[in-house]
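Inspection log for the structure reproduced underneath, given as structure tokens.
These numbers were taken from a predicted model, which means no experiment stands behind them.
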Amino acid sequence: MSVFTRRIGRLARQAGVGLVAVLCFSACAGFRTLEVSVLQPGKLNLEKSNLRVMFLDRKLIHETDRFTAAALYQAVGLRRADVVDCFYDGLRDGLRNGVRSVSLTKGLGLSPRYIPDGVVPTPMTLMEIRRGNRVGNNQYILGMEYCDFGLVGGREVHLDDNILLRLYRVADGSVVDEVRSDTLGLRAETVPGDDFATICNFFYNKGWAYAERMLPTWKPTLRRIYGGNRVLELGDYYFEQEKYDDARTVWTRALSMKPIVAVKAAVNLAWLYERQENYEAAKALLEAALKSYPGRKDPALQNYVEDYLRDIQERIDTEDEITNQL
């Protein structure tokens with residue numbers, strides 16, 4: 001994953017957009033592409049103080065996995081503990097990609113217990129949560145209730161609804177979140193011909209996805225700066241020199257040029273306003289560009305503007321939600 005430039009100092013008040021790198025410029029396409037990061041809200045509203053979370057593998061193992069563990073190791077060289085560690089690594093790295101400080105520890109000491117196939121474990125009781133002063137000063141326990149990795153046909157590993165997670169509040173033992181892995185999005189493709197890497201990636205990505213559920217995290221996306229016209233490129237020159245007022249002046253003048261140039265200038269200005277967190281101004285520019293655009297002379301450009309407008313609207317819709325989670 002690329003290293004994002006983040007303006008952390010302002011995050012206590014609002015969501016930021018970080019410029020990462022210029023990836024390419026294409027004379028044919030007439031634009032260069034920027035990889036940037038934007039904040040996306042989490043699904044949970046946890047305490048705003050620095051979070052302290054313990055990850056706990058309850059080691060509840062369905063009977064099928066009890067008898068296929070050896071086959072899994074023989075087939076791909078992985079044990080159950082390995083795939084749980086992959087999940088934990090993804091969770092840890094995903095939380096580091098968030099915008100709040102989170103102390104994550106791993107609970108130890110539990111012994112495996114075997115349960116019938118298809119059985120959904122009951123939540124831990126408050127006594128179980130606090131047993132042996134296990135929790136320390138942690139506010140939450142993220143329990144891996146079960147982690148299945150059954151083999152299909154003796155070799156193919158079943159990667160679907162194979163994890164059940166519960167987030168417990170230590171203060172009262174309540175379950176504040178319960179989710180199965182099939183509802184957590186994947187962040188990477190499988191690795192063709194490499195079962196070991198595919199399985200590790202799967203569990204790592206599920207861990208990262210749960211971190212995104214817990215907190216606002218950075219999401220990579222792409223933005224364009226259009227050239228192909230001396231005026232547009234002059235504005236880009238000023239932009240690269242961090243002379244943003246000059247860039248705004250030049251691109252604003254380009255709004256009065258022929259329609260296709262005006263649309264590209266609006267896109268450039270929208271990015272300028274977005275990076276300054278003026279989402280309403282960016283939205284107004286893109287909406288005006290779509291209204292004035294002459295049909296579908298350049299479908300790729302129009303599609304980009306429509307997609308960009310949806311992204312900006314999402315930024316507007318989630319701004320308050322993100323602020324409340326910081």
Side-chain angles (χ1 to χ4, degrees), residues 1-11 14-42 90 92-100 185-191 201 204-205 207-209 211-212 215-228 232-233 235-244 247-248 251 263-279 281-283 285-286 289 298 300-319 322 326:
M1 174 175 292
S2 301
V3 178
F4 301 138
T5 301
R6 302 169 183 169
R7 290 168 293 151
I8 297 299
R10 305 186 65 184
L11 290 177
Q14 55 195 346
V17 180
L19 174 61
V20 184
V22 177
L23 298 183
C24 64
F25 174 79
S26 169
C28 296
F31 61 84
R32 62 189 178 95
T33 303
L34 309 177
E35 183 180 349
V36 303
S37 61
V38 299
L39 276 177
Q40 61 180 2
R92 177 200 60 205
D93 293 347
L95 291 175
R96 289 174 178 172
N97 190 52
V99 296
R100 295 177 54 187
L186 287 177
R187 300 183 58 257
E189 298 293 331
T190 58
V191 182
N201 283 351
Y204 179 92
N205 293 332
W208 187 295
E212 292 178 336
L215 300 172
T217 51
W218 292 97
K219 174 185 176 182
T221 190
L222 301 177
R223 295 289 184 256
R224 294 178 181 179
I225 297 290
Y226 277 93
L232 296 176
E233 289 172 6
D236 192 21
Y237 168 80
Y238 286 133
F239 182 85
E240 288 193 291
Q241 299 300 312
E242 298 185 357
K243 297 179 179 179
Y244 303 125
R248 182 185 297 108
W251 284 334
V263 172
K264 293 177 179 178
V267 170
N268 294 355
L269 282 166
W271 162 240
L272 182 63
Y273 284 120
E274 183 189 4
R275 71 180 302 280
Q276 295 171 338
E277 293 144 8
N278 189 346
Y279 308 127
K283 176 184 176 182
L285 279 164
L286 296 172
D298 186 340
L301 173 59
Q302 180 165 333
N303 289 340
Y304 177 75
V305 176
E306 291 171 347
D307 290 342
Y308 192 4
L309 181 57
R310 281 191 288 270
D311 284 352
I312 291 296
Q313 185 62 57
E314 183 178 354
R315 302 298 313 280
I316 294 170
D317 293 342
T318 61
E319 187 173 13
I322 290 174
L326 295 178

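Remark: Arg224 CZ to Lys264 NZ distance equals 10.0 Å, nearest 0.5 Å. Between the CZ atom of Arg310 and the CG atom of Leu286 there is a distance of 11.5 Å, given to the nearest 0.5 Å. Between the CG atom in Asp307 and the OG1 atom in Thr221 there is a gap of 9.5 Å [rounded to 0.5 Å]. For the atom pair Leu272 CG and Arg248 CZ, the distance stands at 5.0 Å (nearest 0.5 Å). Annotation: the span from Tyr237 atom OH to Lys243 atom NZ amounts to 5.5 Å, rounded to 0.5 Å.
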### Task
Carefully, step by step, assess Tyr244 and Gln276 under the rule side-chain hydrogen bond (donor to acceptor under 3.5 Å, both in side chains).
CA-CA 10 Å; Tyr244 303 125; Gln276 295 171 338; over 6 Å; no
### Query
Should Val36 and Trp271 be marked as a side-chain contact (heavy atoms from CB on, under 4.5 Å) after you check the CA-CA gap, both sets of side-chain angles, and the distance that decides it?
CA-CA 11 Å; Val36 303; Trp271 162 240; 3.5 Å; yes
### Query
Which is it for Leu34 and Ile225 under the side-chain contact (heavy atoms from CB on, under 4.5 Å) test, yes or no, and what are the steps along the way?
CA-CA 8 Å; Leu34 309 177; Ile225 297 290; 3.8 Å; yes
### Message
Would Phe239 and Asn268 count as a side-chain contact (heavy atoms from CB on, under 4.5 Å) here? Give the steps.
### Response
CA-CA 10 Å; Phe239 182 85; Asn268 294 355; over 6 Å; no
### Task
Verify side-chain contact (heavy atoms from CB on, under 4.5 Å) between Val99 and Leu215, making sure each step is shown before the conclusion.
CA-CA 8 Å; Val99 296; Leu215 300 172; over 6 Å; no
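Remark: side-chain polar atoms of Glu212 are not paired, donor with acceptor, to backbone N or O of Gly42 under 3.5 angstrom. A donor-acceptor pair under 3.5 Å is absent between the side-chain atoms of Asn278 and the main chain of Tyr273, judged by distance alone. Put simply, the side chain of Trp251 gets close to the backbone of Leu232: a donor and an acceptor are under 3.5 Å apart.
In plain terms, the two heavy atoms of Arg315 and Val38 that are nearest each other are NH1-CG1, 3.5 Å. Considering all non-hydrogen atoms of both residues, Val267 and Tyr304 come closest at CG1-CE2, 3.6 Å. When all heavy atoms of Ala289 and Ala266 are compared, the closest pair comes out as CB-CB, 3.8 Å. Minimum interatomic distance between Ala211 and Thr217 (heavy atoms only, all atoms of both residues): O-CG2, 4.1 Å.
Here Arg92 pairs with Asp89 under the salt bridge (charged side-chain N to carboxylate O under 4.0 Å, His left out) rule; sequence neighbours left out. With sequence neighbours left out, Thr318 forms a side-chain contact (heavy atoms from CB on, under 4.5 Å) with Pro41, Glu314, Glu321, Ile322.
By the 4.5 Å heavy-atom criterion applied to side chains, Glu274 and Arg223 are counted as neighbours. Annotation: side chain of Tyr226 is not in contact with side chain of Val263 (no heavy-atom distance under 4.5 Å). Looking at Glu306 and Gln302, their side chains come closer than 4.5 Å, going by heavy atoms from C-beta outward.
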